[in-house]
Protein chains: 2
Amino acid sequence: MLDRLTLDQLRTLIAVADSGSFSAAGRALRRVQSAVSQTMQALESTLGIDLFDRSGKVPALTDAGKAILEEARKLVRGAETLRAKAESMASDVEPDLCLAVDAMFPNLLLMESLRVLAGAFPQLPVTVFTEALGGAEQRIRDHSARLGIYAWRPAQDDLASEFLAGIAMAPVVAAAHPLASVKGPITRAILEDQVQLVLTDRTQVTARFSGGVISHRIWRFADLGTRLDYLLAGFGWCNMPLHLVQPHLDAGRLVRLELTENPSWELPIHVVHDRARPPQKAGRMLIDDLRVRLTTCPKHAPVRVA
Amino acid sequence: MLDRLTLDQLRTLIAVADSGSFSAAGRALRRVQSAVSQTMQALESTLGIDLFDRSGKVPALTDAGKAILEEARKLVRGAETLRAKAESMASDVEPDLCLAVDAMFPNLLLMESLRVLAGAFPQLPVTVFTEALGGAEQRIRDHSARLGIYAWRPAQDDLASEFLAGIAMAPVVAAAHPLASVKGPITRAILEDQVQLVLTDRTQVTARFSGGVISHRIWRFADLGTRLDYLLAGFGWCNMPLHLVQPHLDAGRLVRLELTENPSWELPIHVVHDRARPPQKAGRMLIDDLRVRLTTCPKHAPVRVA
DNA sequence: AAATATCCATCTGTTTATATGATGGATATA
DNA sequence: TATATCCATCATATAAACAGATGGATATTT
């Protein structure tokens with residue numbers, strides 16, 4: 001016994017308060033009355049205060065007793081939360097779901113899936129890291145996230161993956177930019193002379209899916225939002241996920257470039273996880289729900305589904 | 001034993017996590033290693049999950065173990081809070097200090113005293129009800145507050161009181177109001193014809209110290225702040241505590257009325273409590289501190305001290 | 001007023017949980 | 001290879017927690 005204060009004492013205190021007497025508490029707890037009496041004496045002794053006024057027929061909670069009762073309820077509720085958590089983990093639910101999502105992935109879609117997930121697992125804490133390029137993978141590798149959603153090509157590795165969807169990419173440029181006025185398909189040679197806005201990142205994992213650097217003149221940006229600002233301002237061209245620029249295309253602020261080669265391509269978005277930490281119930285549900293949404297709600301994004 | 005989950009198990013889990021091994025935890029807790037081992041097995045058994053990966057030399061927390069550890073820390077912290085609360089109550093401190101303060105009382109002064117109190121009793125929850133007129137007394141009588149600070153005249157009653165200070169009151173009016181331009185002392189007759197802004201309240205206790213209703217034309221307000229707004233807007237005159245209107249007098253927005261009768265008077269502020277629930281350590285400290293401030297810091301309010 | 005029914009504290013003996021100390025297998029470090 | 005630590009397991013000892021009986025006190029009923 002490390003400490004004289006025990007949860008059972010608090011549970012008994014609560015039973016007494018709820019049932020109104022030691023005897024009744026004993027009946028509720030399937031204990032004899034003397035056990036309740038002794039437990040309450042022990043609690044009063046460890047706390048060093050009187051919890052009950054025993055002058056009447058049934059003991060009445062003192063002011064101090066009422067205050068302690070409140071704390072006791074909190075603690076016992078906490079203990080029940082702990083058990084509930086353990087129970088959900090026992091049935092293969094992640095203790096908490098940490099996602100690393102590429103900024104290219106349609107966020108609206110993810111939010112809807114997470115809303116459903118929150119309904120199914122109300123106790124589950126969820127963390128979402130939105131990362132550019134290699135950032136998401138980094139989080140899977142260093143175990144700060146469990147499930148990655150980003151562009152990835154299967155490889156011999158510690159990481160396992162499954163294909164989720166292809167996100168349509170297209171080269172775009174501001175309407176005011178010279179490239180916008182070029183008639184007919186644009187050759188690689190023309191493109192090479194123009195400024196390309198490229199995403200960069202702190203890690204070296206990158207470049208594979210950054211869309212391919214074509215131009216000789218490069219501006220680099222660390223995040224998608226900033227690059228979009230420069231794109232809209234006409235600093236150069238770049239490949240963008242269609243779902244992100246569709247409103248700008250519709251409004252005429254951006255123009256889609258027609259290229260002579262590599263006319264259209266897709267980011268192969270995968271769900272990635274460490275082989276040692278496969279998705280469990282909550283993760284699986286999220287993946288399945290995302291897949292359903294990707295097939296049935298194409299309005300969110302011009303994506304190709306698995 | 002009502003529930004197999006005990007605080008000792010959680011305390012042991014924490015010790016293991018903090019010390020790095022079962023043996024080290026045993027040393028820290030002054031238990032033999034086998035006791036720690038058995039306790040952890042019991043915890044794993046009650047929760048139905050593996051908390052440790054025992055493949056290495058020393059057991060390593062599993063993901064689930066880490067999650068449970070977080071919850072365990074919360075619970076044990078909660079248990080310590082409970083003990084601290086009990087300890088402060090054991091030394092005759094109110095379980096929580098509920099004040100019912102008249103809105104007329106200088107709030108700045110009270111805040112400073114409460115700041116000191118919070119320093120001396122960090123665990124003590126404090127509730128402050130700011131009430132107009134009879135409201136504060138009502139709270140003492142129905143036990144929703146323990147200590148009242150308001151205008152009161154000692155009487156044969158369940159309530160005990162001690163004089164704290166007199167708050168100087170003065171009749172005032174907006175500078176733009178006709179009364180402000182009257183030369184010389186104002187007679188009761190003149191006043192009677194003007195609108196008086198009076199505080200009202202839900203109970204019937206009132207009127208004794210509301211300053212006395214003089215005018216025949218009355219506007220009623222439930223709170224001091226609203227009445228002040230109307231006062232400043234020139235709707236009528238009323239008695240106000242000087243400390244509340246001094247800035248407005250200085251700025252010329254309000255004018256103090258000189259009356260022919262009852263030229264100046266004070267609200268006799270008392271500390272009031274039910275005879276059955278006298279102030280204890282925290283309450284006494286607050287009263288003493290307030291009294292010191294009232295004597296040494298007259299800048300806060302033109303008050304007369306006991 | 002007396003009888004009855006509850007209530008609580010206290011006591012004794014028993015059950016149950018928790019601690020110890022010894023042992024052996026496994027894994028690092030020298 | 002030797003040594004030191006680590007852990008799980010077992011038998012045993014210790015210490016809580018419990019049941020059941022008793023008596024005093026307080027309501028409720030008759």
Side-chain angles (χ1 to χ4, degrees), chain A residues 1-62 64-65 69 72 75-76 79 83, chain B residues 1-62 64-65 69 72 75-76 79 83:
Chain A
M1 179 190 252
L2 299 169
D3 193 303
R4 298 191 52 201
L5 180 65
T6 72
L7 278 175
D8 269 4
Q9 291 166 351
L10 302 181
R11 295 188 187 103
T12 307
L13 172 65
I14 292 171
V16 170
D18 289 347
S19 66
S21 75
F22 288 10
S23 305
R27 287 189 288 271
L29 299 174
R30 321 186 126 267
R31 293 285 111 92
V32 294
Q33 164 266 328
S34 63
V36 176
S37 177
Q38 287 183 122
T39 303
M40 290 300 90
Q41 286 178 39
L43 181 57
E44 287 176 309
S45 156
T46 68
L47 296 182
I49 52 179
D50 286 347
L51 299 176
F52 296 96
D53 170 11
R54 292 170 167 78
S55 60
K57 188 187 184 187
V58 298
L61 276 173
T62 60
L69 175 64
L75 272 175
V76 171
R83 297 206 77 152
Chain B
M1 180 190 247
L2 299 169
D3 193 304
R4 297 191 53 198
L5 180 65
T6 72
L7 279 176
D8 271 2
Q9 292 167 350
L10 302 181
R11 294 189 189 102
T12 306
L13 172 65
I14 292 171
V16 170
D18 290 347
S19 65
S21 76
F22 287 11
S23 305
R27 288 189 288 271
L29 299 175
R30 321 187 124 265
R31 293 286 111 91
V32 295
Q33 165 266 328
S34 62
V36 176
S37 177
Q38 288 181 124
T39 303
M40 290 300 90
Q41 286 178 39
L43 181 57
E44 287 176 309
S45 155
T46 67
L47 296 183
I49 51 179
D50 286 347
L51 299 176
F52 297 96
D53 170 9
R54 290 170 168 81
S55 61
K57 186 185 186 186
V58 299
L61 276 172
T62 60
L69 175 64
L75 272 175
V76 171
R83 296 204 77 151

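Residue numbers start from 1 in every chain, and the chains themselves are labelled A, B, ... in the order their sequence lines are given, proteins ahead of strands. Hydrogens, waters and symmetry mates play no part in the numbers below; they use all other heavy atoms, side chains included.
If you find the closest nucleotide of DNA chain C to A:Leu2 and to A:Ser37, the one lying nearer the 5' end belongs to A:Ser37. Toward the 5′ end of DNA chain C lies the nearest nucleotide of A:Val58, the other residue of the pair B:Gln38 and A:Val58 mapping further downstream. In terms of position on DNA chain D, the residue among B:Ala24 and A:Asp8 whose nearest nucleotide sits closer to the 5' end is B:Ala24.
No donor-acceptor pair under 3.5 Å is formed between the side chain of A:Thr46 and the backbone N or O of A:Arg4.
Taking every nucleotide of DNA chain D with any atom under 4.0 Å from a non-hydrogen atom of chain B, the first and last of them, 5' to 3', are D:dT5 to D:dC18.
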Please tabulate, for the side chains in residues 32-43 of chain A, all donor-acceptor contacts under 3.5 angstrom to protein atoms that are two or more places apart in sequence or on a different chain.
residue: A:Ser37; atom: OG; partner: A:Gln41; partner atom: NE2; Å: 3.3
residue: A:Thr39; atom: OG1; partner: A:Ala35; partner atom: O; Å: 2.8

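Using a 4.0 Å heavy-atom distance criterion, A:Arg30 is classed as a sugar-phosphate-only contact. Contacts of A:Arg11 with the nucleic acid, taken as non-hydrogen atoms under 4.0 Å apart, are absent. Base contact: B:Ser34 has a heavy atom under 4.0 Å from a base atom. Residue contacts for B:Gln41: at a heavy-atom cut-off of 4.0 Å it reaches the sugar-phosphate backbone alone, with no base atom in range.
Atoms CD and CG, on B:Gln9 and B:Leu51 in that order, are 10.0 Å from each other to the nearest 0.5 Å. We find the CG-CG distance between B:Leu5 and B:Leu47 to be 6.0 Å, quoted to the nearest 0.5 Å. In this structure, the separation between CG on B:Leu13 and CG on B:Asp8 is 12.5 Å, given to the nearest 0.5 Å.
Here the P atom of nucleotide C:dT18 and the CG atom of B:Leu43 are 11 Å apart, to the nearest Å. Rounded to an integer number of Å, the gap from B:Gln33 CD to C:dT20 P is 11 Å. One atom, CZ of B:Arg54, and another, P of C:dT27, lie 15 Å apart when rounded to the nearest Å.
If you check the side chains of B:Asp53 and B:Ser55, you find a donor sitting under 3.5 Å from an acceptor.
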